[in-house]
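Positions are given from 1 along the sequence.
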Amino acid sequence: MKAPHNTLSYTELIANTHLQPGTKILFAHFPGDGHFNPLTGLAVHLKALGCDVRWYTSPHYAGKIKKMDMPYYLFDKAVDVHASNIEQVFPERAKCKSQVSKLKFDMIHAFVLRSPEYYEDLRELKRTFNFGIMICDNTFGAIPFVREKLHVPVIAISIVPLVETSRDLPPAGLGLTPSGSYLGRRRQDLLRYLADKFLFARPVKVMQAILRSYGIDPGKWNIFDILLKKADLVLQSGVPGFEYRRSDMGANIHFIGPLLPYAPKQKGPRWYDKRLTRYKKVVLVTQGTVEKDPSKLLEPTLEAFKNTDTLVIATTGGSGTTKLRELYPWDNILIEDFIPFDDVMPYADVYVTNGGYGGVLLGIQNSLPLVVAGVHEGKNEICARVDYFRLGINLETETPSPQKLKAAVENVMADQQYKINVALLKEEFTHYHPDELCAYYVSELLREKTKKALLRAKLLQEV
């Protein structure tokens with residue numbers, strides 16, 4: 001299936017999307033904010049087109065789905081493990097000290113072992129809601145089961161940088177950037193071999209064993225590739241300009257532009273603070289809603305710029321706001337639980353973040369060069385790309401010192417090339433229409449399914 005943005009205008013894209021009213025679509029996701037939020041805008045768009053959109057989800061997200069006025073089915077057999085409770089569900093995770101050991105633990109316990117539980121739930125769910133297609137994030141472990149056991153087409157939305165293995169790149173998951181030299185490429189070959197055969201061998205073996213026990217051929221792919229290869233389509237959030245070049249990208253993978261969360265129309269006045277007019281330099285810092293420890297990024301940023309001529313706006317997600325205000329009472333420090341990014345980002349000069357993919361894409365969309373400090377939960381891959389494409393500076397740690405952080409922010413402010421690179425990528429964003437592209441692909445995939453069913457029926461009649 002050819003990427004339509006190469007051949008169809010926006011108007012033609014709409015005209016070529018044919019979805020029957022009442023088309024049954026199930027959304028599913030691994031229970032994490034970065035896995036759920038990017039799917040919400042698409043779900044709302046498909047509902048507006050007349051589709052019957054429902055969710056399979058964790059109780060953790062029931063409230064948000066209610067606000068979108070959509071039906072949902074909660075995990076039953078599946079263990080409800082998400083980013084904010086993983087340490088409680090798996091206390092043994094605390095013994096994992098290194099980045100790699102924690103990543104392997106999460107792969108097995110949070111993702112792989114949950115996949116047959118998701119399938120058992122979905123098999124029962126289908127008796128109640130006979131969905132014709134499933135849309136999920138690309139880490140949702142039930143992808144092979146739904147496609148091969150329930151015979152339902154699957155669209156996987158890649159909500160992280162593309163993790164597909166490539167002969168042109170180092171292995172995914174380690175935050176390494178590609179090399180163009182001969183020796184560098186041979187080193188990448190060796191690293192891919194070591195990652196597959198030793199580093200991530202255990203998660204792969206567990207996944208392969210589970211799939212085989214259900215009569216599903218796992219192929220010879222690694223843990224990052226199995227779900228991508230098993231999906232009918234992989235729609236990559238983002239654009240080629242924010243992804244490493246590959247000569248061997250899978251034919252089922254298509255870029256759709258930045259897929260950002262659904263944002264209901266804002267009621268009442270937009271956020272504003274009079275201090276915005278008193279400071280020429282503005283730094284926005286956040287570490288998302290999942291990370292609860294303000295000492296990692298919020299405090300170093302506030303410490304670096306307290307009582308200076310730079311206004312620092314910090315959003316805490318509700319973690320430690322009062323205490324931070326007591327610690328940093330200076331006029332140039334503004335601390336809030338939450339500020340709509342659309343309201344605050346136009347005033348900022350630099351965005352300091354722990355590297356969540358959605359936040360980084362939103363920062364680029366708002367023309368903000370970045371200073372990133374994230375390692376775990378795949379953030380190392382996002383931060384590596386920020387640095388590689390010179391959209392900002394990667395501090396390569398989750399706990400930067402105030403001195404290192406201040407130097408990075410001042411460097412980004414002083415070097416206009418960062419701003420230029422972000423502007424160029426923002427321009428590339430404008431050539432994509434994520435919701436409309438997704439709807440087009442849903443339409444085409446269902447059309448292909450119908451054609452195959454008619455062809456099978458015809459062949460059976462002839463026999």
Side-chain angles (χ1 to χ4, degrees), residues 33-34 36-42 44-45 63-64 67-68 237 257-292 294 297-298 301-302 305-306 308-322 324-325 328-372 382 386 391-392 409 412-413 418-419 422-423 425-427 429-430 433-435:
D33 288 1
F36 169 77
N37 290 336
L39 304 182
T40 54
L42 172 59
V44 170
H45 180 71
K64 292 183 178 180
K67 289 181 180 179
M68 294 187 289
S237 179
L259 199 59
L260 301 172
Y262 167 67
K265 289 184 178 180
Q266 195 171 325
K267 298 179 181 179
R270 299 177 71 89
W271 174 89
Y272 180 78
D273 190 284
K274 60 184 180 181
R275 280 173 283 184
L276 290 165
T277 63
R278 299 209 300 264
Y279 292 88
K280 291 183 178 180
K281 295 180 289 186
V282 179
V283 173
L284 173 64
V285 57
T286 181
Q287 52 188 46
T289 56
V290 175
E291 180 54 70
K292 305 297 184 183
L297 194 55
L298 294 179
T301 307
L302 297 171
F305 290 99
K306 66 182 183 183
T308 67
D309 63 352
T310 298
L311 178 64
V312 178
I313 303 172
T315 62
T316 67
S319 298
T321 304
T322 302
L324 284 173
R325 285 172 175 168
Y328 299 95
W330 287 271
D331 180 75
N332 74 308
I333 301 293
L334 198 164
I335 304 169
E336 299 287 352
D337 288 335
F338 171 78
I339 303 172
F341 277 166
D342 287 344
D343 290 358
V344 66
M345 280 187 168
Y347 294 102
D349 298 295
V350 176
Y351 179 34
V352 179
T353 169
N354 59 354
Y357 194 52
V360 166
L361 293 177
L362 195 57
I364 294 165
Q365 189 148 295
N366 281 274
S367 305
L368 280 175
L370 304 118
V371 172
V372 289
I382 302 160
V386 168
L391 305 169
V409 169
V412 167
M413 283 185 176
Y418 292 113
K419 188 81 172 176
V422 169
L425 193 55
K426 177 185 176 181
E427 169 62 21
F429 282 8
T430 65
H433 308 283
D435 289 342

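Between the CD atom of Gln365 and the CZ atom of Phe429 there is a distance of 6.5 Å, given to the nearest 0.5 Å. The distance from atom CG of Asp337 to atom OG1 of Thr316, rounded to the nearest 0.5 Å, is 4.5 Å.
Looking only at side-chain heavy atoms (C-beta outward), Ile313 and Leu276 come within less than 4.5 Å of each other. Within the 4.5 Å cutoff, no side-chain heavy atoms of Val344 are placed close to those of Glu336.
Taking every heavy atom of both residues into account, Phe305 and Thr308 meet most closely at O-OG1, 2.6 Å. In this structure, Gly358 and Leu260 approach most closely via the heavy-atom pair O-CD2, 3.9 Å.
Under a 3.5 Å cut-off, the side chain of Tyr357 and the backbone N or O of Ser237 do form a donor-acceptor pair. Put simply, the side chain of Lys419 never gets that close to the backbone of Val412: no donor and acceptor are under 3.5 Å apart.
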Checklist line | salt bridge (charged side-chain N to carboxylate O under 4.0 Å, His left out) between Lys281 and Asp309, worked out | finding: CA-CA 7 Å; Lys281 295 180 289 186; Asp309 63 352; 3.6 Å; yes
Next item on the list: Might you work through the side chain to side chain donor-acceptor pair (under 3.5 Å) test for Tyr279 and Asp349, ending with a clear yes or no?
Entry: CA-CA 11 Å; Tyr279 292 88; Asp349 298 295; over 6 Å; no
Next item on the list: Could you check Arg270 against Asp343 for salt bridge (charged side-chain N to carboxylate O under 4.0 Å, His left out), going step by step and ending with a plain yes or no?
Entry: CA-CA 6 Å; Arg270 299 177 71 89; Asp343 290 358; 2.8 Å; yes
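With sequence neighbours excluded, the residues satisfying side-chain hydrogen bond (donor to acceptor under 3.5 Å, both in side chains) with Thr286 are Thr315. Partners of Tyr262 under the side-chain hydrogen bond (donor to acceptor under 3.5 Å, both in side chains) rule, at least two apart in sequence or in another chain, do not exist in this structure. The salt bridge (charged side-chain N to carboxylate O under 4.0 Å, His left out) check on Lys292 picks up nothing, with sequence neighbours excluded.
Under the side chain to side chain contact (heavy atoms under 4.5 Å, CB included) rule, Val285 has a single partner from Asn354, Val352, Thr353, which is Val352.
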